[in-house]
*Asks:* 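This is the structure, below, for whatever I ask next.
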Amino acid sequence: MPNESNSGKTRGGTRLGLQWLDALLSWTSLACGGAALVFMTGFSVLNVLVMRKALNSPIVGAEDLLILALVVIVALSVSLGARTGAHIEIEVLRSRMSAGFAKWSMIFVKLLGAALLAVMAWRLWHSGQNAVRFGETTQQLLISFEPFYYLLALSAAIYAVVLAFDIWQLLRSGKVASIKIGGGAL
């Protein structure tokens with residue numbers, strides 16, 4: 001009996017951890033990514049239609065700001081895309097595999113992906129530490145890439161955690177439960 005209660009706590013604790021991660025990913029991706037998207041849209045309209053076309057005086061460094069905003073959007077959305085099932089999976093051979101082989105091959109691929117993302121996070125963090133020393137900045141405004149390397153490193157690390165939760169779900173039930181955002185069909 002004690003083993004059952006311990007495993008129940010572990011499953012409940014892990015389920016709670018996954019729910020917390022889903023809520024965190026949803027909030028940061030939708031709120032912060034949405035704010036970055038609103039900024040990009042408004043700033044592009046201001047720069048192109050008003051400043052460039054009407055006043056013939058485009059904003060200096062506008063491209064730098066738009067590129068960095070795009071980096072922020074990508075960093076904030078990659079892990080959520082993994083949790084919602086938005087990433088493309090090619091399952092050509094899955095119908096020809098046994099259920100057990102398909103499950104373990106998916107676990108192997110996710111382990112490989114988590115290891116790759118852990119190395120990416122480490123190298124991106126290292127690049128962020130060296131960005132100022134090597135003068136890695138945007139072209140016009142000379143904004144340092146350092147905080148953006150850190151954001152991408154954090155994004156890769158969170159994606160590795162998402163893959164670890166996916167592996168846990170595969171081991172437990174044989175499938176990965178995706179989260180749903182919104183209620184309607186596209």
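Quick note: residue numbers are just sequence positions, from 1.
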*Asks:* Before giving the answer on side chain to side chain contact (heavy atoms under 4.5 Å, CB included), spell out for L80 and I181 the whole-Å C-alpha distance, their side-chain angles and the decisive distance to 0.1 Å.
*Replies:* CA-CA 10 Å; L80 181 67; I181 295 185; 3.6 Å; yes

*Asks:* State whether the side chain of H87 and the backbone N or O of S79 hold a donor-acceptor pair below 3.5 Å, judged by distance alone.
*Replies:*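 No; judged by distance alone, with no hydrogens or angles, the pair does not exist.
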
*Asks:* Mind checking side-chain contact (heavy atoms from CB on, under 4.5 Å) for L117 and listing every partner two or more places apart, or none if nothing turns up?
*Replies:*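 Once residues adjacent in sequence are excluded, the partners of L117 under the side-chain contact (heavy atoms from CB on, under 4.5 Å) criterion are M120, A156, Y159, A160, L163.
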
*Asks:* Looking at A36 and A69, what are the two nearest heavy atoms and their distance?
*Replies:*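 Smallest heavy-atom distance, with atoms named: CB-O, 4.3 Å.
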
*Asks:* Give a yes or no on whether the backbone of L151 and the side-chain of S155 come within a donor-acceptor separation of less than 3.5 Å.
*Replies:*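 No, the answer is negative, given that no donor and acceptor are paired below the 3.5 Å cut-off.
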
*Asks:* Using atom types as modelled and distance alone, determine if a side-chain donor or acceptor of E136 lies under 3.5 Å from a backbone N or O of A131.
*Replies:*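 Not at all, since once roles are kept as given, no pair shorter than 3.5 Å links the two residues.
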
*Asks:* Do L68 and M40 make a side-chain contact, defined as non-hydrogen atoms from C-beta onward lying under 4.5 Å apart?
*Replies:*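 No. Closest side-chain heavy atoms not under 4.5 Å.
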
*Asks:* Between atom OG of S178 and atom CG of D166, what is the distance when rounded to the nearest 0.5 Å?
*Replies:*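 One gets 8.0 Å once the value is rounded to the nearest 0.5 Å.
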
*Asks:* Can you check whether L142's main-chain N or O pairs, donor with acceptor, with T138's side chain at less than 3.5 Å?
*Replies:*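 Judged by distance alone, yes, a pair lies under 3.5 Å.
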
*Asks:* If hydrophobic clusters are built by linking Ile, Leu, Val, Met, Phe, Trp and Tyr wherever their side-chain heavy atoms come under 4.5 Å apart, do L152 and L70 end up in the same one?
*Replies:*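 Yes; L70 is reachable from L152 via cluster members.
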
*Asks:* Under 4.5 Å between side-chain heavy atoms, chaining through other members, with only Ile, Leu, Val, Met, Phe, Trp and Tyr counted: pull out the rest of the cluster around L24, sorted by chain and number.
*Replies:*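 Answer for L24: W20.
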
*Asks:* Is there side-chain contact between F145 and V71, with at least one heavy-atom pair below 4.5 Å?
*Replies:*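 F145 does not reach V71 side chain to side chain.
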
*Asks:* Under a 4.5 Å side-chain heavy-atom rule over Ile, Leu, Val, Met, Phe, Trp and Tyr, are M106 and L112 clustered together?
*Replies:*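 No, no single cluster joins them.
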
*Asks:* Quick check: does any side chain N or O of D64 sit under 3.5 Å from a backbone N or O of L141, one acting as donor and the other as acceptor?
*Replies:*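 Yes, because the side chain of D64 sits within donor-acceptor range (under 3.5 Å) of the backbone of L141.
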
*Asks:* Is M51 close to N56 at the side-chain level, that is, under 4.5 Å between some pair of heavy atoms?
*Replies:*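 Sidechains of M51 and N56: no contact.
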
*Asks:* Is a donor on one side and an acceptor on the other found under 3.5 Å between the side chain of S105 and the backbone of A102?
*Replies:*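 Looks like yes, one N/O pair under 3.5 Å.
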
*Asks:* For the pair R123 (side chain) and A118 (backbone), establish whether a donor and an acceptor sit closer than 3.5 Å, ignoring hydrogens and angles.
*Replies:*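 Between the backbone of A118 and the side chain of R123 there is no qualifying donor-acceptor contact (under 3.5 Å).
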
*Asks:* Flag the pair L21 / V162 as yes when at least one side-chain heavy-atom distance between them is below 4.5 Å, and no otherwise.
*Replies:*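 Yes - at least one pair of side-chain heavy atoms lies under 4.5 Å apart.
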
*Asks:* Do you know which two heavy atoms are closest between A121 and A157, and how far apart they sit?
*Replies:*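 Shortest heavy-atom separation between A121 and A157 comes out as CB-N, 3.8 Å.
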
*Asks:* Indicate yes or no: at least one non-hydrogen side-chain atom of L171 is less than 4.5 angstrom from one of W104.
*Replies:*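 SC-SC contact between L171 and W104 confirmed.
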
*Asks:* Under the rule for ring-ring contact (aromatic ring centres under 6.0 Å, His included), what residues qualify as partners of F43, not counting sequence neighbours?
*Replies:*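 Here the qualifying residues are F39.
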
*Asks:* Does I179 reach the side chain of L25, with side-chain heavy atoms less than 4.5 Å apart?
*Replies:*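 Side chain of I179 against side chain of L25, heavy atoms only: no contact under 4.5 Å found.
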
*Asks:* Between S26 and A23, is there a donor-acceptor pair closer than 3.5 Å when you use the side chain of the first and the backbone of the second?
*Replies:*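 Checked: no pair found.
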
*Asks:* For the CZ atom of F134 and the OG atom of S144, what is their distance to the nearest 0.5 Å?
*Replies:*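 Output value for this atom pair is 12.5 Å.
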
*Asks:* State, with a plain yes or no, whether a side-chain heavy atom of T84 is found less than 4.5 Å away from one of K180.
*Replies:*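 With C-beta onward as the side chain, the pair stays apart.
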
*Asks:* Do you know which of L65, I67, T137 makes side-chain contact (heavy atoms from CB on, under 4.5 Å) with I143?
*Replies:*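 Filter result, single survivor: L65.
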
*Asks:* Check for me, please, whether V74 and L30 land in the same ILVMFWY cluster - side-chain distances under 4.5 Å, paths through other members count.
*Replies:*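 In one cluster with V74: L30, yes.
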
*Asks:* Go through the steps for V45 and V50 under the test side chain to side chain contact (heavy atoms under 4.5 Å, CB included), then give the verdict.
*Replies:* CA-CA 7 Å; V45 167; V50 177; 5.6 Å; no

*Asks:* CE of M97 to NZ of K103: how many Å apart, nearest 0.5 Å?
*Replies:*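 Going from CE on M97 over to NZ on K103, the span is 15.0 Å.
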
*Asks:* Can you see which heavy atom on G33 is nearest to which on L76, and at what distance?
*Replies:*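 So the minimum-distance heavy-atom pair works out to N-CD1, 3.5 Å.
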
*Asks:* Any chance the rings of W125 and Y149 have centres within less than 6.0 Å?
*Replies:*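 No; Y149 has its ring centre 6.0 Å or more from that of W125.
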
*Asks:* Atom CG in L170, atom CD1 in I107: separation rounded to 0.5 Å?
*Replies:*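 Answer rounded to 0.5 Å: 5.0 Å.
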
*Asks:* Considering all heavy atoms of both residues, which atom of A177 and which atom of R83 are nearest to each other, and what is their separation?
*Replies:*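 Reported closest heavy-atom pair: O-NH1, 3.0 Å.
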
*Asks:* Mind checking whether I158 and I167 sit in one hydrophobic cluster, side chains of I, L, V, M, F, W, Y counted as touching below 4.5 Å?
*Replies:*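 I158 does not cluster with I167.
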
*Asks:* Taking side chain as C-beta onward, heavy atoms only, is Q169 less than 4.5 Å from K175?
*Replies:*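 The answer is no, as the side chains (C-beta and beyond) never meet within the 4.5 Å cut-off.
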
